[in-house]
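Worksheet for the structure shown next.
Just so you know, ligand 1 is whichever comes first in the structure, and atom 1 is the first atom listed for that ligand.
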Amino acid sequence: MLLVAEPSLGEEEKAALAAVIDSGWITMGDRTRAFEHAFADAHGVGDAVAVGSCTAGLHLALAALGIGPGDEVLVPAATFVATVNCVLYVGATPVFVDIEGLDLPLMSLSDAEAKRTERTRAVMLVDYAGYLPDRERWRAFAAANGLALIEDAAHSAGIAGAGTIGDVGVFSFYGNKNMTTAEGGMVFARDETVLERIRLLRGHGMTSGTQQRLTGHARGYDVPMLGFNHRMDELRAAVGLVQLGKLSDWNAKRRVLTESYRSLLERHCPEVAMPFSAPRPSAHHILPVLLPPGAEREAVVDQLRAEGIQTSVHYAPVHHFTLYRERFPGVALPLTEEFARRELTLPLHPKMGEAHVEAVVRVLARALARIPTAACQGAAP
Ligand SMILES: *Cc1c(COP(=O)(O)O)cnc(C)c1O
């Protein structure tokens, strides 16, 4: 089965894990700190805080920025549910914003402006599919309205500028992301005091950790604020250090495969639209395409699966989930909804080659040709 996403793990990761076990120290310590420094360096920022997941990092970001009950946070619905759940964790109210368009499925600035109220305190931007939103326009919008800007950079690890668009940026190292620690995340913050608050909140709000006390760097600790256990551990950090070393090569491979998809789809499946037609910085995390209007997606999915090709949908809109429908009824986001109805995510990961892309496009063309309303033109590759 050709999978939508697949982690690249091997001997180096095994050796790194064995070294942590041999060292006798498995919880947060020097390797986690080294991973923070290395990940920050790789993105040209000064420092970072490693966390247990991107979800944990987004939660800490909102908490550190003081977002809470009575506050509204502008969020996309075209995202993974975790982006929006975090707003509920701190007792704030998510306000759903539509996408710019079918070719640019990033949060719409004009709809954000329309949804902004007196109570709006923050914006959650998502680097959907790895593509970065417009830094200057969002910063200007946030500054003009006194809003905090939080970037969910779960899809964009490894490219210049990712995680630095707003006040806080948060990455994910879940198993299907561009690099993985199985579970894990990393936080950047523009303001050093915000980053240090996030560091404290990560570990129960304690002013020193176990290792610092053991090594005599700290005697006791105080708890000045209510924190959480959102730590990373040495095993994950060791895997993260190995993966980080390969990330730019993997992202380059993803870019090449994405370009192949674009030219082959244009040639052999012109009725299938591939978003992000204009150049834009991207980590090419996933490969979303839009099936022709009216094409029966389930039939296409079944035919691809029968030929050994897995597909996925990114995303079922968050405002349609039962939890959100019941709490925030009557939300309508026409562009997000049309995008979600027609979207299909094709396999994209660095273990793939050109021949895989050709095979996917060939099978997709054949599948669409069988659907009378949406025949593909052009010969299959
Ligand atoms: C994967 C993902 C998350 C959650 O990341 P975890 O590390 O699994 O918590 C959040 N937002 C987006 C857009 C994601 O794709």
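- Scanning the protein for heavy atoms near atom 2 (C) of ligand 1, the closest one is K177 NZ, 3.1 Å.
- Between R267 and E358, no side-chain nitrogen of the basic residue sits less than 4.0 Å from a carboxylate oxygen of the acidic one, so the salt-bridge criterion is not met.
- For H320 and Y324, the gap between ring centers reaches or exceeds 6.0 Å.
- On a distance-only criterion, D152 and ligand 1 share at least one N/O pair closer than 3.5 Å.
- The main-chain N or O of L109 is found under 3.5 Å from a side-chain atom of E100 such that the two form a donor-acceptor pair.
- At a threshold of 4.0 Å, the pair K253-D249 does not count as salt-bridged, since none of the basic side-chain nitrogens sits closer than that to a carboxylate oxygen.
- Using a 4.0 Å cut-off between heavy atoms, T55 contacts ligand 1 through both its backbone and its side chain.
- Within the listing of ligand 1, atoms 7 (O) sit less than 4.0 angstrom from a heavy atom of G184.
- Classification of the H59-H230 ring pair by plane angle, with boundaries at 30° and 60°, yields perpendicular.
- Atom 8 (O) of ligand 1 has its nearest heavy-atom neighbour, among F173, Y128, F80, Y174, in Y174.
- Numbered from 1 in the order shown, with element, the atoms of ligand 1 that lie under 4.0 Å from a heavy atom of T79 read 13 (C).
- Ranking protein heavy atoms by distance to atom 15 (O) of ligand 1, first place goes to H155 NE2, 2.7 Å.
- Against a heavy-atom cut-off of under 4.0 Å, T83 is close to the following atoms of ligand 1: 11 (N).
- Of the charged side-chain nitrogens involved, none lies within less than 4.0 Å of a carboxylate oxygen, so that E136 and R139 do not count as a salt-bridged pair.
- Between the CG atom in L106 and the CG atom in L132 there is a gap of 9.0 Å [rounded to 0.5 Å].
- In this structure, F171 does not count as a contact residue of ligand 1, since none of its heavy atoms falls inside 4.0 Å of the ligand.
- Heavy atoms of G57 come nearer than 4.0 angstrom to ligand 1 in no pair at all.
- What sits closest to atom 14 (C) of ligand 1 on the protein, heavy atoms only, is A154 CB, 3.4 Å.
- No hydrogens or angles considered: nothing links the side chains of T93 and E72 as a donor-acceptor pair under 3.5 Å.
- Under 4.0 angstrom from ligand 1, the non-hydrogen atoms of C54 come from both its backbone and its side chain.
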